[in-house]
Amino acid sequence: MSPHEEIARAAAEIAPIPRGDDGEPVFREPWEAQAFAMTLALYERGLFTWPEWAGALSAVIKRGQAAGDCDDGSTYYQHWLSAVEQLVSDKGIVTEQALAKRRDAWDRAAHATPHGQPILLENDPLR
């Protein structure tokens with residue numbers, strides 16, 4: 001079974017990955033595909049197991065639902081990214097401070113990037 005199939009199976013019990021008519025994952029924005037790929041890469045490096053991943057995703061989704069998150073799938077990859085951030089933080093792979101700095105850098109880069117262009121960290125004016 002490929003890592004792609006394994007992650008889909010792990011997520012299916014909690015919140016199935018959005019899929020198109022061809023059965024492949026559907027991403028609304030490029031960052032969603034990047035978050036998906038990053039999760040696969042971290043798993044392939046042995047940094048967590050699929051059950052750990054599924055537990056992290058489940059916890060984030062439950063917190064979102066408890067806070068009144070809409071249940072239309074529009075926040076799926078926001079939860080996905082939050083789960084992977086929480087997992088790598090809990091495992092000591094990255095600190096909360098490092099994550100916060102990276103989020104801030106992406107935000108600055110997004111605001112400095114012309115409309116329609118890819119957001120790159122190189123566009124962060126403080127870099």
Side-chain angles (χ1 to χ4, degrees):
M1 182 177 300
S2 75
H4 174 268
E5 293 166 329
E6 289 180 54
I7 199 168
R9 191 185 68 206
E13 296 175 16
I14 296 124
I17 295 170
R19 296 184 177 277
D21 293 338
D22 60 1
E24 292 298 312
V26 173
F27 306 104
R28 296 178 200 199
E29 300 287 338
W31 72 266
E32 294 176 346
Q34 291 168 341
F36 184 90
M38 179 176 53
T39 303
L40 286 175
L42 292 170
Y43 166 76
E44 289 172 351
R45 290 184 180 170
L47 298 177
F48 52 79
T49 65
W50 287 138
E52 288 175 310
W53 163 249
L57 181 59
S58 175
V60 169
I61 289 171
K62 286 178 184 175
R63 282 194 304 270
Q65 289 171 338
D69 189 29
C70 60
D71 197 20
D72 64 2
S74 63
T75 59
Y76 184 81
Y77 283 104
Q78 290 172 350
H79 294 314
W80 183 285
L81 184 57
S82 293
V84 77
E85 287 179 346
Q86 186 65 54
L87 191 56
V88 296
S89 177
D90 288 350
K91 290 184 155 284
I93 297 165
V94 68
T95 66
E96 282 294 327
Q97 294 82 7
L99 286 171
K101 284 182 181 180
R102 183 55 57 107
R103 280 186 217 106
D104 291 346
W106 275 109
D107 187 53
R108 289 188 304 269
H111 284 92
T113 299
H115 182 72
Q117 297 297 312
I119 300 170
L120 305 171
L121 278 175
E122 292 81 26
N123 294 342
D124 177 2
L126 299 182
R127 182 163 191 236

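All values reported here derive from a predicted model rather than from experimental measurement.
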Asks: With clusters defined by side-chain heavy atoms of hydrophobic residues (ILVMFWY) lying less than 4.5 Å apart, directly or transitively, does L47 cluster with V60?
Replies: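 Not linked; separate clusters.
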Asks: Count I, L, V, M, F, W, Y as connected when their side-chain heavy atoms are under 4.5 Å apart, and connections chain through other members. Are L81 and I93 then in the same cluster?
Replies: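 Per the 4.5 Å side-chain linkage, L81 and I93 are co-clustered.
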Asks: Under the rule for side chain to side chain contact (heavy atoms under 4.5 Å, CB included), what residues qualify as partners of K62, not counting sequence neighbours?
Replies: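 So K62 forms a side chain to side chain contact (heavy atoms under 4.5 Å, CB included) with S58.
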Asks: Is any side-chain heavy atom of D90 closer than 4.5 Å to one of Q86?
Replies: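 Q86 vs D90: side chains touch.
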Asks: Side chain of T49, backbone of E52: donor and acceptor closer than 3.5 Å?
Replies: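 Confirmed, T49 side chain pairs with E52 backbone.
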Asks: Write down the atom of T75, the atom of C70, and the distance for their closest heavy-atom approach.
Replies: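 It is OG1-O, 4.1 Å.
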Asks: Using side-chain heavy atoms (C-beta onward) and a distance below 4.5 Å, is V26 in contact with E32?
Replies: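 With C-beta onward as the side chain, the pair stays apart.
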Asks: Looking only at side-chain N and O atoms, does W80 offer a donor or acceptor that is under 3.5 Å from a partner on T39?
Replies: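 Result is yes, a qualifying pair exists.
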Asks: In terms of hydrophobic clustering (I, L, V, M, F, W, Y; side-chain heavy atoms under 4.5 Å; direct or indirect links), are V84 and F27 co-clustered?
Replies: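 Result: yes, single cluster for both.
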Asks: Fit a plane to each ring of F36 and Y77, take the angle between them on a 0 to 90° scale, and name the class: parallel (under 30°), tilted (30 to 60°) or perpendicular (over 60°).
Replies: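 Answer is perpendicular, since the angle exceeds 60°.
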Asks: Looking at E29, I want to see if its CD is surrounded by more than 12 non-hydrogen atoms of other residues, nucleotides or ligands under 6.0 Å.
Replies: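 Not more than 12 within 6.0 Å, no.
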Asks: Any luck finding a side-chain donor-acceptor pair between H111 and N123 under 3.5 Å?
Replies: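 No, N123 and H111 have no side-chain donor paired with an acceptor closer than 3.5 Å.
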Asks: Tell me whether V94 shares a hydrophobic cluster with Y43, the cluster being built from Ile, Leu, Val, Met, Phe, Trp, Tyr side chains joined at under 4.5 Å.
Replies: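 Same hydrophobic cluster.
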Asks: I'd like to know whether CZ of R103 has more than 12 heavy-atom contacts from other residues, nucleotides or ligands below 6.0 angstrom.
Replies: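 Yes.
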Asks: Kindly say whether Q78 contributes a backbone atom to a donor-acceptor pair with the side chain of S82 at under 3.5 angstrom?
Replies: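 Looks like yes, one N/O pair under 3.5 Å.
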Asks: Who passes side chain to side chain donor-acceptor pair (under 3.5 Å) against R108, sequence neighbours left out?
Replies: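 With sequence neighbours excluded, R108 shows a side chain to side chain donor-acceptor pair (under 3.5 Å) to D124, given in chain and number order.
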Asks: Mind checking whether W50 and Y76 sit in one hydrophobic cluster, side chains of I, L, V, M, F, W, Y counted as touching below 4.5 Å?
Replies: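 Hydrophobic grouping puts W50 with Y76.
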Asks: Taking side chain as C-beta onward, heavy atoms only, is P18 less than 4.5 Å from R28?
Replies: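 The answer is no, as the side chains (C-beta and beyond) never meet within the 4.5 Å cut-off.
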Asks: Under a 4.5 Å cut-off applied to non-hydrogen side-chain atoms, are E96 and L99 in contact?
Replies: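 The answer is yes, as the side chains (C-beta and beyond) meet within the 4.5 Å cut-off.
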Asks: Counting only heavy atoms from other residues, nucleotides and ligands, does the tally under 6.0 Å from CG of D22 exceed 12?
Replies: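 Above 12, so yes.
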Asks: Would you compute the distance between atom CG of L87 and atom CH2 of W53 and round it to the nearest 0.5 angstrom?
Replies: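 If we round to the nearest 0.5 Å, L87:CG and W53:CH2 are 7.5 Å apart.
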Asks: Is there a donor-acceptor pair under 3.5 Å between the side chain of Q117 and the backbone N or O of T113?
Replies: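 Side chain of Q117 to backbone of T113: no pair is present.
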Asks: To the nearest 0.5 angstrom, please state how far the CD atom of E44 sits from the CG atom of L42.
Replies: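 With rounding to 0.5 Å, CD (E44) is 9.5 Å from CG (L42).
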